[in-house]
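Following: one structure in structure tokens, then a few remarks.
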Amino acid sequence: MAGRQAVKVYLDLVSQACRAVLIFLKDNKIPHMVENTAIRKAQQKTPEFTKLNPMQKLPVLEDNGFVLTESDAILKYLATAYNVPDHWYPKLPQKRARVDEYTAWNHANMRTHISFIFLQEVLLPFMGQPTNPEKLKKVLADLDGTLDKLENMFLKNQAFLCGDDISLADLLAVCELMQPMCSQRDVLKDRPKLLSWRSQVQSALSDSFDEAHSVVYQIREVHG
């Protein structure tokens, strides 16, 4: 798109949603600028940022004066507005609906469990606050059921969650499932089918995956 300015994204790569946005931008070579916004320093709560996003959450996209929040919306906008391969967010209605089905499910299921685990195993200890081992045990059990659905309802016998090629569904899912690695917890370790899927997603994303997850690897070392 000649003459179009680079998009600007406000990110903190500790956030799984922010990592998904950065990986998509890099993998599809969409010109972009990153405004690092540290949640640990409450930079998303400054007056300037609050004008941009009154919800005070990341990620946020600015594209030539157009401001968008929510990673799901941002990824679908980028996939639609920029010339990216169709497999990310297919134009065929039924194929696109499969991606939408996963992304709608992801937020209330995978995201909820994974975020609680990160809170209990990383954030609260970092802040010196007490954790809730009993609640963590229950959430891990709930996550196990969620992973059953990921494997049996979405992945089934396909290479990727929505078919034979990588899509936004895989990108959002893999970034979620990498989050517990911060506390050296691999929630897929006893699930060979999902481990194989994760490896395929990593291979498809190549360098952009490791670049975006470098902060996860750093936090994991601290917890080692």
> Quick one: which of D170, V99, L168, D165 gives a side-chain contact (heavy atoms from CB on, under 4.5 Å) with W88?
Replying inline: L168
>> Looking at every non-hydrogen atom in both residues, tell me the closest pair between Q200 and A159 and how far apart they are.
In response: NE2-O, 3.4 Å
>> Looking at every non-hydrogen atom in both residues, tell me the closest pair between A212 and I23 and how far apart they are.
In response: CB-CG1, 3.4 Å
>> For a quick test of reading the model, state the closest non-hydrogen atom pair linking K156 to M153 and the distance between them.
In response: CE-O, 3.4 Å
> Taking all atoms of both residues into account, what is the closest heavy-atom pair of D86 and K91, and its distance?
Replying inline: OD1-N, 3.0 Å
>> Using a strict threshold of under 4.0 Å (side-chain N to carboxylate O), is an ion pair present between E101 and R98?
In response: yes
> Can you say whether the rings of W105 and F154 are parallel (under 30°), tilted (30 to 60°) or perpendicular (over 60°)?
Replying inline: tilted
Under 3.5 Å, which donor-acceptor pairs link side chains of residues 114-126 to any protein atom two or more places apart or in another chain?
| unit_1 | atom_1 | unit_2 | atom_2 | d |
| --- | --- | --- | --- | --- |
| S115 | OG | R111 | O | 2.9 |
| Q120 | OE1 | N132 | N | 2.6 |
| E121 | OE1 | S183 | OG | 2.6 |
| E121 | OE1 | R185 | NE | 3.3 |
| E121 | OE2 | R185 | NE | 3.1 |
| E121 | OE2 | R185 | NH2 | 2.7 |

>> Using a 3.5 Å distance criterion without hydrogens, assess whether the side chain of S208 forms a donor-acceptor pair with backbone atoms of L205.
In response: yes
>> Evaluate R220 against D186 for salt bridge (charged side-chain N to carboxylate O under 4.0 Å, His left out), listing each step before the verdict.
In response: CA-CA 11 Å; R220 182 177 63 185; D186 186 351; over 6 Å; no
> Can you list the residues that meet the side-chain contact (heavy atoms from CB on, under 4.5 Å) rule with Q43, with sequence neighbours excluded?
Replying inline: T37, A38, K41
>> I need the minimum non-hydrogen distance between L195 and K189, along with the two atoms involved.
In response: CD1-O, 3.7 Å
> Heavy-atom distance under 4.5 Å between the side chains of V174 and W197, does that happen here?
Replying inline: yes
>> If we check side-chain hydrogen bond (donor to acceptor under 3.5 Å, both in side chains) with Y10, which of these qualifies: E35, Q44, E62?
In response: E62
>> Quick test of your reading of the model: are D144 and R191 salt-bridged, counting only N-O distances below 4.0 Å?
In response: yes
>> Assess whether a salt bridge exists between K57 and D12, defined as any Lys/Arg side-chain N lying under 4.0 Å from an Asp/Glu carboxylate O.
In response: no
> Nearest heavy-atom pair of V84 and A79: which atoms, and what distance?
Replying inline: CG2-O, 3.5 Å
> By salt bridge (Lys or Arg N to Asp or Glu O under 4.0 Å), which residues pair with R96, not counting sequence neighbours?
Replying inline: none
> Going through the distances and angles, do K76 and D100 end up as a salt bridge (charged side-chain N to carboxylate O under 4.0 Å, His left out)?
Replying inline: CA-CA 9 Å; K76 289 173 181 176; D100 289 334; 2.7 Å; yes
